Amino acid sequence: MAASGCKGFFLSAFDYKTEKYVIAKNKKVGVLYRVVQLAIIGYLIGWVFLTKKGYQETEESIQSSVITKLKGVTLTNTTETGLHLWGPEDYVIPPQGETVFFVITNFIETPNQKLGYCAESFRVLDGLCRENSDCTEGETVVAGHGIKSGRCLKKDRNSTGTCEIYGWCPIERHRKPKEPLLAKAENFTIYIKNFIRFPRFGFSKSSVLDTSDDTYLKKCMYDKVHQPYCPIFRLGDLVRWAGHSFQDMALMGGSIGILIEWNCDLDKGYSKCNPHYSFTRLDVKSSASSITSGYNFRYARYYKNAVGESYRTLFKVYGIRFDIMVHGKAGKFNIIPTIINIGSGLAVMGAGAFFCDLVLLYMMKKSTFYRERKFESAKNDTRKTNGEGNVLPEVKGHRKKVLERRQLTDLSPET
Amino acid sequence: MAASGCKGFFLSAFDYKTEKYVIAKNKKVGVLYRVVQLAIIGYLIGWVFLTKKGYQETEESIQSSVITKLKGVTLTNTTETGLHLWGPEDYVIPPQGETVFFVITNFIETPNQKLGYCAESFRVLDGLCRENSDCTEGETVVAGHGIKSGRCLKKDRNSTGTCEIYGWCPIERHRKPKEPLLAKAENFTIYIKNFIRFPRFGFSKSSVLDTSDDTYLKKCMYDKVHQPYCPIFRLGDLVRWAGHSFQDMALMGGSIGILIEWNCDLDKGYSKCNPHYSFTRLDVKSSASSITSGYNFRYARYYKNAVGESYRTLFKVYGIRFDIMVHGKAGKFNIIPTIINIGSGLAVMGAGAFFCDLVLLYMMKKSTFYRERKFESAKNDTRKTNGEGNVLPEVKGHRKKVLERRQLTDLSPET
Amino acid sequence: MAASGCKGFFLSAFDYKTEKYVIAKNKKVGVLYRVVQLAIIGYLIGWVFLTKKGYQETEESIQSSVITKLKGVTLTNTTETGLHLWGPEDYVIPPQGETVFFVITNFIETPNQKLGYCAESFRVLDGLCRENSDCTEGETVVAGHGIKSGRCLKKDRNSTGTCEIYGWCPIERHRKPKEPLLAKAENFTIYIKNFIRFPRFGFSKSSVLDTSDDTYLKKCMYDKVHQPYCPIFRLGDLVRWAGHSFQDMALMGGSIGILIEWNCDLDKGYSKCNPHYSFTRLDVKSSASSITSGYNFRYARYYKNAVGESYRTLFKVYGIRFDIMVHGKAGKFNIIPTIINIGSGLAVMGAGAFFCDLVLLYMMKKSTFYRERKFESAKNDTRKTNGEGNVLPEVKGHRKKVLERRQLTDLSPET
């Protein structure tokens with residue numbers, strides 16, 4: 001008996017159990033349900049899969065290496081040093097071709113500074129004084145150029161003067177430049193080489209085309225339309241494409257972002273994965289604060305004279321800083337996201353069915369009737385009760401039954 | 001006939017089919033199922049959607065550009081060079097305001113080094129010798145300062161000496177600094193400007209507030225509580241917030257990470273997306289190895305004397321390296337993750353129903369009875385078998401049916 | 001009445017409703033369905049959870065800080081400057097230990113350049129001329145070294161000469177180096193310290209082992225097999241592991257990527273999360289264009305003579321640029337992805353059931369019969385219609401019923 005039980009059980013494990021359906025010949029709900037189904041299928045195929053490539057696993061953490069090289073020379077003529085020729089070794093900082101580099105477009109040179117005593121600039125609030133007591137000895141001038149020596153230097157007794165400081169003298173003149181000294185920098189060219197790698201897919205590529213044309217890189221110049229893959233850019237163009245005028249920017253400096261976008265569908269193959277360049281200004285001129293726009297810094301060159309005293313030339317350089325930002329996104333078919341999207345779509349379809357049920361069972365004229373049919377009570381008496389068991393319709397439903405039965409019985413010969 | 005068949009089929013495609021349910025008047029399982037439903041709905045709404053914002057698509061690959069500028073001067077007084085004034089152009093390396101920069105807090109200066117012959121330091125193991133044969137000519141001193149000339153220099157015959165080397169002489173003294181020479185660096189200030197962009201959402205913002213107050217940036221100083229959006233930081237504070245003492249760190253150097261966190265809910269709008277700063281020390285002092293903590297490197301300034309011979313000043317600089325790390329996360333409503341979360345939640349609810357079925361069908365007193373009602377055999381003989389096909393209850397079930405039928409037949413008109 | 005209605009409704013809310021199933025004693029479909037179920041469960045457990053760790057939430061946006069330090073000295077002997085000793089302060093650019101750094105392996109030195117007039121190089125096409133009219137005064141020589149003065153310098157009347165330029169004279173000689181001057185750079189060592197942080201999990205670690213052995217870092221040398229966690233690398237090895245010869249690369253320079261991979265399962269604990277190093281060449285030698293391979297740039301050292309005239313030494317340095325790229329992926333258990341994967345799996349299982357239904361209802365011999373049983377019409381007449389409503393089988397089905405009934409009545413006792 002037990003054995004046969006087991007066997008029976010084992011066999012029945014391979015019986016196919018399928019849900020029992022009640023057909024509600026109700027076109028309204030029927031159509032509604034079809035619409036829901038179509039909507040979900042349309043969303044799944046049209047939007048998730050075709051538009052959003054939901055069948056792909058994507059990687060956004062890109063490994064990138066950028067090499068840059070500038071070309072071009074220009075001449076400047078200043079009162080301090082006269083004619084001076086600028087080459088990349090001078091105007092590119094740092095010179096070794098990094099991702100972020102700075103191109104000098106304007107500068108203030110202060111040659112032959114020596115350590116010693118001189119008057120603080122009138123521009124520095126903390127440097128102003130009326131008598132020596134205003135210049136505490138050994139105190140640093142806030143946002144100034146040196147250490148107060150304790151004396152207050154002024155033209156005459158009752159004028160306002162500035163503290164004497166110990167520092168690099170003469171101090172830098174605060175005159176703003178009128179026009180960029182390296183205005184010609186507009187014609188310099190940048191060669192950008194970008195090597196990227198998507199670690200998850202082990203895919204790597206360079207932004208420089210493998211061309212058979214030996215002189216390609218010597219001749220070409222980037223152009224969104226005609227030469228979208230030439231890695232050589234004219235400085236002036238970069239700034240223009242970012243929506244600004246080079247000459248304006250050159251005066252006080254600024255910061256330009258060069259965005260390199262790699263949007264790769266690795267299902268499509270190597271050659272389809274190419275960089276796209278866009279350009280934007282990073283130091284957006286905000287309403288008021290002037291500090292947020294413009295870009296400058298100082299550096300010094302140190303010398304020693306015959307007797308071994310050091311002196312220096314201080315450069316305050318204004319210029320354009322270029323930030324090369326690489327962003328990449330690679331997608332490749334993967335079963336997991338596919339299943340997830342399909343699965344969740346189907347589940348939502350189930351929700352749709354549930355919704356249609358509600359309509360059918362509570363919003364239709366014949367709701368009560370449908371409820372009776374959908375829900376079969378599991379009580380071992382013959383009387384049916386509807387699933388939601390709210391009495392009023394229930395009773396109606398019950399009455400109907402009774403009537404039906406009566407009709408039956410009426411026809412019965414016994415009466 | 002076929003036509004009508006087609007028509008029939010077409011029409012029936014719009015019949016709504018709904019699953020047939022059996023109502024088990026079993027409060028235990030009923031409550032259990034409601035609990036399961038509530039749990040899942042609670043998880044979905046409370047955790048996934050409200051807490052984790054599961055309805056959003058998120059982007060973590062942020063594009064960031066950082067500009068830094070230091071302010072402050074300090075005076076040092078060393079035996080080699082006497083009074084010396086340090087400005088940002090000297091103590092910040094590199095000077096052009098990069099994301100990663102180094103601030104000198106201490107240094108060992110070795111002026112007037114010339115290429116020539118001198119004795120290797122006693123600190124270098126490979127440089128020690130007892131006779132010339134220990135100093136193979138032309139061999140590099142491992143972790144040393146030059147190339148062995150072949151001679152062994154020692155005070156007296158049987159003492160231990162060091163090899164003579166060709167290199168920059170005099171070689172650097174290995175004395176550890178007692179206290180930081182630029183202790184005042186504690187009061188220097190950093191101005192950090194961070195521009196970020198979320199490529200997927202085309203959202204970009206700067207860490208510098210657009211303020212109408214012209215002097216805001218000149219006065220403000222960052223403070224977690226009072227001025228969380230002021231981009232100007234005091235070096236001493238940064239180190240303190242990272243949990244260390246500036247003076248200790250200044251002595252041997254170290255590395256501080258400035259983490260800028262952008263956690264943006266783009267559904268909430270531009271002004272709600274703001275940077276949050278946190279500070280941590282990167283060169284965690286590990287139990288033993290001393291090399292992992294502290295930070296220093298060497299650089300040299302080259303000069304030429306009247307006759308054109310070059311000589312240099314070597315600086316071994318200790319200091320604090322600041323790494324500005326930007327991390328961002330932006331979320332925006334998107335239909336796909338929403339559907340995925342809802343869908344999977346519903347699917348799991350289905351699993352809950354399956355579980356409750358198991359309870360109902362195999363753990364209740366009246367399991368057999370419920371099984372009979374749930375599973376309706378599809379065989380075209382009158383005898384019903386329950387789905388699990390274990391015989392005993394089956395029979396019971398069968399009898400019951402027969403009885404019911406008899407009642408019906410009693411009422412049947414045929415008779 | 002209403003009260004009892006509410007009560008009834010409330011109670012019935014805790015009635016458990018379970019779908020009614022029809023058991024199709026059809027082993028074919030039964031087995032098919034079991035296979036589908038097994039396949040999905042296998043995929044879910046075997047692939048999604050065990051292989052792909054689908055129960056984890058992963059983070060790929062890693063915060064990383066890299067500190068590098070080089071060791072080693074070498075001697076060069078050139079006609080311009082004779083014996084010269086190179087230390088890290090000279091051959092590493094920049095010297096402060098950045099993520100991306102450049103090691104000089106070869107150079108062309110042009111000492112004592114002064115601003116003045118001299119002949120442009122013959123290598124520069126735009127510099128060639130036959131008479132002065134070819135050298136427009138004040139015009140820049142394209143890809144050249146200065147500004148044309150207007151004169152054309154040539155040996156004799158009808159030979160081709162080059163324009164005289166104003167620039168740094170003498171101009172650099174274009175001779176290609178024969179062999180790397182710093183060939184010994186092969187033995188230099190890099191110490192790489194990498195500190196990483198996964199912001200989402202607040203997990204941070206350093207690539208330098210916390211070892212109790214004080215001298216570990218002084219002795220060890222990285223080796224994939226024996227010392228995979230030693231952060232000290234020999235330059236020659238790095239290049240070799242990247243699949244190239246150091247001496248070849250040293251001649252014209254190149255670019256090497258050092259990839260540090262952090263693949264961390266944070267469920268497994270701190271000690272299990274370790275870096276893995278790999279090495280690749282970034283300037284892949286492409287078929288033709290020579291510019292894409294090799295790496296060099298220029299920098300200058302400026303001097304002033306007794307009378308204050310500046311002169312400089314120009315270095316064109318060839319060398320190897322090292323890019324340290326850090327990539328990390330951390331995973332930690334999280335309920336949401338788990339639910340999503342399980343849920344979607346179950347939903348797909350539902351799709352499997354639907355598919356099996358199709359097989360059962362339209363591909364089996366007894367399809368019509370199964371359809372009748374699965375789909376129960378909700379019309380309040382006694383006549384049954386099958387769900388798809390195609391007439392022929394319907395009628396058959398109906399007849400069958402009638403027959404069955406008759407048989408029953410035959411057995412009724414009354415007769």
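Quick caveat: nothing in here was measured; it's all calculated off a predicted structure. Sequence lines set the chain letters: A, B, ... in the order given, protein chains first and strands last, and positions in each chain run from 1.
- To the nearest 0.5 Å, atoms OH (B:Tyr370) and CG (B:Leu361) are separated by 10.0 Å.
- Put simply, OH on A:Tyr299 and CZ on A:Phe315 are 5.0 Å apart, with the number rounded to the nearest 0.5 Å.
- Proximity to chain B (any heavy atom under 4.5 Å) is shown, for A:Arg298, by both the backbone and the side chain.
- With B:Ser204 contributing its side chain and B:Arg197 its backbone, the two residues share no donor-acceptor pair below 3.5 Å.
- Of the listed residues (A:Ala143, A:Cys356, A:Ser61), the one with the most heavy-atom contacts under 4.5 Å to chain B is A:Cys356.
- Ranked by non-hydrogen atom pairs under 4.5 Å with chain B, the options A:Val31, A:Leu360, A:Thr18 are led by A:Val31.
- When each of B:Glu89, B:Glu59, B:Gln96 is checked for heavy-atom pairs under 4.5 Å with chain A, B:Gln96 comes out on top.
- Neither the backbone nor the side chain of B:Pro94 comes within less than 4.5 Å of any heavy atom of chain A.
- Taking chain A as the reference chain and counting heavy-atom pairs below 4.5 Å, the highest number among B:Pro199, B:Pro88, B:Pro111, B:Ala347 is found for B:Pro199.
- Between the side chains of B:Tyr16 and A:Asp357, at least one donor N or O sits under 3.5 Å from an acceptor N or O.
- With sequence neighbours left out, A:Gln113 forms a side-chain hydrogen bond (donor to acceptor under 3.5 Å, both in side chains) with A:Arg312.
- Using bins of under 30°, 30° to 60° and over 60° for the plane-to-plane angle, the ring pair A:Trp168/B:His84 lands in the perpendicular bin.
- Contact count versus chain B (heavy atoms, under 4.5 Å) is highest, among A:Ile40, A:Asn26, A:Ile147, for A:Ile147.
- When the candidates B:Gly97, B:Gly87, B:Ser344, B:Ala306 are compared by the number of heavy-atom contacts under 4.5 Å with chain A, B:Gly97 comes out ahead.
- Looking only at distances, no side-chain donor or acceptor of B:Lys193 sits under 3.5 Å from a matching main-chain atom of B:Ser207.
- Looking at B:Val348, there are no atoms closer than 4.5 Å to chain A (heavy atoms on both sides), in backbone or side chain.
- Interface residue A:Glu261: only side-chain heavy atoms are found under 4.5 Å from chain B.
- A donor-acceptor pair under 3.5 Å is formed between the side chain of A:Asn341 and the backbone N or O of A:Gly54.
- Most heavy-atom pairs under 4.5 Å with chain A, from the set B:Gly345, B:Gly72, B:Gly350, B:Ser65: that is B:Ser65.
- Chosen from A:Gly343, A:Gly146, A:Ala300, A:Ala351, the residue pairing most often with chain B at heavy-atom distances under 4.5 Å is A:Gly146.
- In terms of heavy-atom pairs under 4.5 Å with chain A, the best-connected choice from B:Ile342, B:Ile67, B:Asn305, B:Ile62 is B:Ile67.
- Of the two parts of A:Ser255, only the side chain, counted from C-beta on, holds a non-hydrogen atom closer than 4.5 Å to a non-hydrogen atom of chain B.
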A:Leu282 vs A:Ile256, side chain to side chain contact (heavy atoms under 4.5 Å, CB included): CA-CA, chis, key distance, verdict: CA-CA 6 Å; A:Leu282 300 183; A:Ile256 293 282; over 6 Å; no
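- Most heavy-atom pairs under 4.5 Å with chain B: of the set A:Val141, A:Leu259, A:Leu346, A:Thr140, this distinction falls to A:Leu259.
- For a residue to count as touching a neighbouring chain, one of its non-hydrogen atoms must lie under 4.5 Å from one of that chain's; by this rule A:Leu32 does not touch chain B.
- Salt bridge annotation for B:Lys17-B:Asp15: absent, with no cationic side-chain nitrogen under 4.0 angstrom from a carboxylate oxygen.
- Side-chain polar atoms of B:Asn194 and B:Ser64 form a donor-acceptor pair below 3.5 angstrom.
- Among the candidates A:Trp47, A:Tyr33, A:Tyr43, A:Phe101, the residue making the largest number of heavy-atom pairs closer than 4.5 Å to chain B is A:Tyr43.
- Interface residue A:Lys52: only side-chain heavy atoms are found under 4.5 Å from chain B.
- Across B:Lys304, B:Glu60, B:Met349, B:Arg200, the residue that shares the most heavy-atom pairs under 4.5 angstrom with chain A is B:Arg200.
- In this structure, chain B has a heavy atom under 4.5 Å from the side chain of A:Leu115, while its backbone stays farther away.
- Contacts between A:Tyr303 and chain B at a heavy-atom distance below 4.5 Å involve the backbone alone (N, CA, C, O).
- Using modelled atom types, one side-chain atom of B:Thr68 and one backbone atom of B:Glu98 make a donor-acceptor pair closer than 3.5 Å.
- If you look at A:Phe297 and A:Phe102, their ring centroids are closer than 6.0 Å.
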